[in-house]
2 protein chains.
Amino acid sequence: MSDPQVIDLEALRRRCSQCSLQQLCLPAGVSAQDLDQLDSMVRRRKTVGAAERLFRAGDNFAAVYVAREGAFKTVCISSEGEEQIVGFHIPGEIIGLDAMGEGRHRCEAIALTKANVCEVPFAQLTEIAARVPGLQRQLLRVIGKDINRAHEHTSNLAARRGAHERLALFLHGLLQRYRLVNGKASSTFKLPMSREDIARYLGMANETVSRAFARLQTDRVIVIAGRRVDVLDEDLLTQAAHPVDEIDRATPRTAS
Amino acid sequence: MSDPQVIDLEALRRRCSQCSLQQLCLPAGVSAQDLDQLDSMVRRRKTVGAAERLFRAGDNFAAVYVAREGAFKTVCISSEGEEQIVGFHIPGEIIGLDAMGEGRHRCEAIALTKANVCEVPFAQLTEIAARVPGLQRQLLRVIGKDINRAHEHTSNLAARRGAHERLALFLHGLLQRYRLVNGKASSTFKLPMSREDIARYLGMANETVSRAFARLQTDRVIVIAGRRVDVLDEDLLTQAAHPVDEIDRATPRTAS
DNA sequence: CGGAGACTTGAAAGCCTTCAAGACGTGTGG
DNA sequence: CCACACGTCTTGAAGGCTTTCAAGTCTCCG
């Protein structure tokens, strides 16, 4: 660890230009020289332990974070103190946009595992974004993707479907997101969150999550062992997520 | 309508600087002279009839819209063709951010009533925002508020509550939003959307929405007559939305 | 090795959904 | 101006899925 060469590699890896997440993150589409500006601003490589918080509800909006390793959950505390999980964040995804509206955080971000993040001071980010068109575009794109993920989750919750269908859709989405990071077509991954977290995210009881996992397994869609998920058949997973509406195909009436 | 004086008034009202929604919209916090730039860009006062669309899923991302009068719903069509309502939009609220991520719309925006909107070409908006710091800040703030509304909705869906509690929370939120527009503390408003729309927004059957309305009425929380809502007691509405957890207050144990 | 938390599984109860029919309300045409 | 028709909304009853309570197993960490 104290080998100077290792340290150099570390230093190199810290740079946005060397980051494996570059294409998912703010640098995408930013020219090499502009990247230096972004680079110099990022307070990089903040490491947090499991269950640590990046920020709390009510905190001033100082920075956004991008997960580099590990995973996070975003928890909104309602006026009555009940906690709702509104999002999970894996490497390459942005955290902290909930503060853009009011200038102060409305949720808190909690590490699900040991993790590290890039901390990006928001004032500086927007200032540079104003001067670097590519960065401004990319910032808005990253925000847009965050909105899209939120919409997908909302759709999953509002669609009146069974528990195992919701879980299937959740797992399907997670698989796609992990593939963006890994770059390969792996069909196995480890859940960073507990059943309880999944339950509060999907709006059901944790016992129901367990039963839904069990059902997906007996249906030969996945193999589940603790937090290890192995997707046996991705098409089956997609089908499990979107039950075919018998009625649509059972009506052989031609357009009259 | 053809009276020249009326036309002048119309022309004046079109200006951002004269718009009653100024404080809710992009101009907030932008200096008077910078406002002219924003003003000149906005293709103002596009009028649409009920059930008309501002854009469809798959459309290129050309512009964002701000509702001026009337109301809209944003509908996401899943791969299987089932439609989920992910948002409602009343005057002062922005529409179309779902396209920021991919450069093309993933939802469609449908007018619930006769309505009119300000159409703001997005490329020009960001270009001017890069030059006008106040506008950039406000743009991000408006986006942030949109994210916050989405989070609140997600929380409402994920919280495992009864149907009438969800509906109460929905009505409470709508009341607050209408107050921002009206400026006054009115406790009555007209729902722009059908029971069916509410049902698909809240993830329940439309019959359940009807029963939930009925229950809120028998509980003396609201009076509901068709689409007319009268909130009798706002505190009651809040309580109906967040059922008190008996356990918390029923445990008289002092901190041991 | 022990303990605490996470996870699973079973059984009864409750709430929502579904199917069905009727009431209401609005807009159109006579 | 009234009648009719259509869609929206309401209300009832049976059934299903999830929740809840409970007990037991597993797993990780000290």
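What you see below is based on every heavy atom in this structure, not just the backbone, and it leaves out hydrogens, waters and symmetry mates. Throughout, protein chains are lettered first and strands after them, A, B, ... in sequence-line order, and every chain is numbered starting at 1.
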Salt-bridge contact A:Lys73-A:Glu83 (side-chain N to carboxylate O under 4.0 Å): no
Exceeds 12 heavy-atom contacts within 6.0 angstrom, atom CZ of B:Arg56: no
Aromatic ring proximity A:Phe88/A:Tyr201, centre distance under 6.0 Å: yes
Nearest-nucleotide 5' precedence on DNA chain C, A:Val209 against B:Met204: A:Val209
Whole-Å gap separating C1' (D:dT11) and CZ (B:Arg211): 7 Å
Residues in contact with DNA chain C, drawn from residues 159-171 of chain B - heavy-atom cutoff 4.0 Å: B:Gly162, B:Ala163
Rounded interatomic separation in angstrom, taking CD from B:Glu207 and P from D:dA13: 15 Å
Donor-acceptor under 3.5 Å (B:Asn156 side chain, B:Leu202 main chain): no
B:Asn116 (side chain) donor-acceptor with B:Val48 (main chain) under 3.5 angstrom: no
Between the protein and nucleotides 4-7 of chain C, which nitrogen or oxygen pairs are less than 3.5 angstrom apart?
{"residue": "C:dC7", "atom": "OP1", "partner": "A:Arg227", "partner atom": "NE", "Å": "3.1"}
{"residue": "C:dC7", "atom": "OP1", "partner": "A:Arg227", "partner atom": "NH2", "Å": "3.3"}
{"residue": "C:dC7", "atom": "OP2", "partner": "A:Arg195", "partner atom": "N", "Å": "3.0"}

Pair B:Arg177 + B:Glu93, salt bridge at N-O below 4.0 Å: yes
Candidate pair A:Asp59 and A:Arg104, rule salt bridge (charged side-chain N to carboxylate O under 4.0 Å, His left out), full reasoning: CA-CA 6 Å; A:Asp59 281 0; A:Arg104 101 188 18 255; over 6 Å; no
Test item: A:Arg200 side-chain N/O and B:Ala158 main-chain N/O as donor-acceptor pair under 3.5 Å: no
Atom-to-atom span, CG of A:Leu202 to P of D:dC17 - whole angstrom: 19 Å
B:Arg106 side chain vs B:Ala99 backbone, donor-acceptor pair below 3.5 Å: no
Whole angstrom value for the distance that separates C1' of D:dC9 from CG of B:Leu191: 13 Å
Whole-Å distance separating the CD1 atom of A:Ile224 from the P atom of C:dT9: 12 Å
Side-chain (B:Thr208) to main-chain (B:Met204) donor-acceptor, under 3.5 angstrom: no
What are the atom names and distances for every N/O pair under 3.5 Å that joins the protein to nucleotides 21-28 of chain C?
none

Nucleotide D:dT8, atom P - distance to CG of B:Leu112 in whole Å: 13 Å
Whole angstrom value for the distance that separates P of D:dT11 from CZ of B:Arg215: 15 Å
Check ion pair A:Arg220-A:Asp233 (N to O, under 4.0 angstrom): no
Interatomic distance where CZ belongs to A:Arg200 and P belongs to D:dT19 [whole Å]: 15 Å
